[in-house]
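Please read the structure below before turning to the comments.
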Protein chains: 4
Amino acid sequence: MFELDPTDPTPLYAQIERAIRLAIATGRLKAWDQLPTVRQLAVDLRVNANTVAKVYGELERAGIVETRRGVGTFVRQVTGTSFSGPDRERRLAALVDRFLTETAELGVPLDEAIAFLQNRRKHGRTSAG
Amino acid sequence: MFELDPTDPTPLYAQIERAIRLAIATGRLKAWDQLPTVRQLAVDLRVNANTVAKVYGELERAGIVETRRGVGTFVRQVTGTSFSGPDRERRLAALVDRFLTETAELGVPLDEAIAFLQNRRKHGRTSAG
Amino acid sequence: MFELDPTDPTPLYAQIERAIRLAIATGRLKAWDQLPTVRQLAVDLRVNANTVAKVYGELERAGIVETRRGVGTFVRQVTGTSFSGPDRERRLAALVDRFLTETAELGVPLDEAIAFLQNRRKHGRTSAG
Amino acid sequence: MFELDPTDPTPLYAQIERAIRLAIATGRLKAWDQLPTVRQLAVDLRVNANTVAKVYGELERAGIVETRRGVGTFVRQVTGTSFSGPDRERRLAALVDRFLTETAELGVPLDEAIAFLQNRRKHGRTSAG
DNA sequence: GTGGTCTAGACCACG
DNA sequence: GTGGTCTAGACCACA
């Protein structure tokens with residue numbers, strides 16, 4: 001499904017939550033799809049089950065998934081943009097900053113990077129993850 | 001210079017480090033520019049001086065800045081690792097794909113993302129999240 | 001495991017780091033051995049836990065150990081940078097010359113120094129100065 | 001005369017003191033030779049004059065050099081081994097530990113390193129430093 | 001119980 | 001005044 005980056009200082013639970021939100025936002029997980037069980041995902045990610053359970057709990061409190069006892073955890077009807085106002089702004093800034101830093105470190109001029117972006121977009125090449 | 005986002009699960013020191021790397025990578029801090037003093041930046045960001053010191057230490061071990069004892073901390077000459085050929089191409093593609101995926105997640109149209117990129121590059125204000 | 005020398009101007013964290021690198025380099029700590037816990041080593045050496053944590057952090061960023069969150073810190077597989085040819089020769093010569101010079105400074109005859117080397121290699125007790 | 005290693009966590013004053021003791025012990029500086037002036041050495045090492053002055057002061061208190069006002073600083077008659085008992089032991093251990101660590105990291109077996117040592121010694125090749 | 005982050009505050013090395 | 005080292009101690013993430 002996805003992988004964790006142990007070198008990222010971001011806590012595991014935040015990495016997991018982000019990845020699930022991403023999967024939903026990009027449509028890889030659709031409404032009423034079932035999420036992996038806590039234990040299964042814990043095994044896949046080589047993480048303690050408590051960590052996954054914490055994430056599912058937070059997603060449920062956020063109204064993004066729904067847990068039916070004894071059945072499983074499911075994606076709820078997507079209400080709209082999953083990120084709102086200031087949060088959206090903040091995340092966009094973070095994305096853009098990282099992109100600028102990494103292209104600059106690669107020695108790629110911004111113009112070239114943008115051209116690459118547009119080109120890549122046209123050919124429909126995105127790998128979700 | 002930049003701001004921290006206390007709601008971001010990313011540790012403060014990592015937010016600070018990212019912001020400084022960004023400033024250097026984008027040329028807002030140039031070779032041999034002096035960084036703010038540890039204590040000054042700590043005051044500006046309202047964090048403990050040790051937190052800033054930790055960042056400066058890591059940047060130094062990473063070879064990105066140079067500290068002269070009793071004088072201050074300075075941006076080092078960028079050696080330009082300069083990846084070339086297929087490696088550079090491959091890395092750029094990875095960066096771009098991730099950027100496309102993540103902006104899509106946020107529901108940000110590519111045009112808006114590019115505008116944001118260019119604007120941010122120009123005006124250099126960052127919220128280091 | 002080893003001892004610190006408080007009269008040595010070398011910072012404590014550097015003494016600790018050197019001792020651990022020595023233990024790994026000489027095979028006293030082997031790949032995937034667990035290091036002492038941060039708190040335990042701090043108690044043994046009578047230093048603050050933060051000081052040990054700093055060392056472990058640096059060793060991790062240097063790629064020498066690996067920490068698994070909530071589990072512990074482990075020696076990584078030695079990749080063996082394996083310098084070869086003239087480079088290896090050159091580096092070895094530099095090491096040897098420095099060693100000869102410095103033992104001469106101390107007035108230690110080469111025979112004694114070599115005996116010390118072999119003994120220390122065998123019994124592995126170090127005073128990390 | 002010698003160089004400082006800015007990446008060594010050892011304080012500058014300790015590096016300088018060690019180098020001067022080394023020069024005396026190895027005979028590069030002989031009894032009644034004049035040391036460079038504080039200011040000259042400070043310029044050569046690109047260090048603040050206070051730092052050098054501190055070292056000269058300590059060497060004088062240790063009875064190793066003698067300052068004649070308005071004339072200069074001179075090496076005193078060497079009384080014997082410059083390092084005594086526990087200090088000698090400690091320093092030898094430090095030397096040996098570093099040597100073991102560095103050869104091991106180079107992937108040089110101890111036997112080979114010792115052979116190299118003996119060979120190098122025979123051919124009289126030492127560079128004081 | 002494991003490592004990691006952060007703070008407050010002392011003291012040192014250096015200019 | 002600059003950065004660096006160390007301590008004590010709180011709190012967090014993870015197993």
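Within every chain, numbering begins at 1; the chains are lettered A, B, ... in the order of the sequence lines, protein sequences first and strands thereafter.
- One can place CD of Gln15(C) at 13 Å from P of dT5(F), the figure rounded to the nearest angstrom.
- In this structure, the CG atom of Asn50(B) is 12 Å from the P atom of dC6(F), given to the nearest Å.
- When the nearest nucleotides of DNA chain F are assigned to Ala14(A) and Val38(B) by heavy-atom distance, the more 5′-ward of the two goes with Val38(B).
- Residue Ile16(A) contributes atom CD1, which lies 11 Å from atom C1' of dC14(F) at whole-angstrom precision.
- When the nucleotides dA13(E), dT5(F), dC6(E) are ranked by their closest atom to the side chain of Pro11(B), dC6(E) comes out on top.
- For the pair Val65(A)/Leu35(A), a side-chain contact is recorded, criterion being any heavy-atom separation below 4.5 Å from C-beta on.
- Counting heavy atoms from C-beta outward, Leu95(B) and Phe99(B) have side chains that stay 4.5 Å or more apart.
- When rounded to the nearest whole Å, the span between CG of Asn48(C) and C1' of dC6(E) equals 13 Å.
- Once rounded to the nearest 0.5 Å, the distance linking CG of Leu4(A) with CG of Leu45(A) reads 4.5 Å.
- In this structure, the CZ atom of Phe74(C) is 11 Å from the C1' atom of dA15(F), given to the nearest Å.
- A straight line from OH of Tyr13(B) to P of dA13(F) spans 14 Å, rounded to a whole angstrom.
- With pairs defined as Watson-Crick or G-U wobble and both atom distances under 3.5 Å, the stems of at least three pairs that touch DNA chain E come out as E:1-14 with F:1-14.
- Minimum heavy-atom separation, Asp33(C) to Arg28(C): OD2-O, 4.3 Å.
- Side-chain atoms of Arg39(B) and base atoms of dG3(F) include a donor and an acceptor less than 3.5 Å apart.
- When the nucleotides dC6(F), dC6(E), dG15(E) are ranked by their closest atom to the side chain of Leu12(C), dC6(F) comes out on top.
- Electrostatic pairing of Arg18(B) and Asp97(A) does not count as a salt bridge here, judged by no charged N lying under 4.0 Å from a carboxylate O.
- More than 12 heavy-atom neighbours from other residues, nucleotides or ligands sit within 6.0 angstrom of CZ on Arg68(D).
- Per the geometry, CD belonging to Glu17(A) stands 12 Å off P belonging to dC14(F), to the nearest Å.
- Each of Val71(B) and Thr67(C) was assigned the nucleotide of DNA chain E with the nearest heavy atom; the assignment lying further toward the 5' end belongs to Thr67(C).
- Rounded to a whole Å, the CZ atom of Arg46(C) is 17 Å from the C1' atom of dC6(F).
- Looking at residues 53-64 of chain C, you'll see Lys54(C) sit with a heavy atom under 4.0 Å from some atom of DNA chain F.
- Atom CZ of Arg61(C) has more than 12 neighbouring heavy atoms from other residues, nucleotides or ligands inside a 6.0 Å radius.
- Taking the charged nitrogens against the carboxylate oxygens, Arg21(B) and Glu105(A) do have a contact shorter than 4.0 Å, which makes a salt bridge.
- Under a 3.5 Å cut-off, the side chain of Glu60(D) and the backbone N or O of Thr67(D) do form a donor-acceptor pair.
- Between Thr51(D) and dA13(E) there is no side-chain N or O to OP1 or OP2 distance below 4.0 Å.
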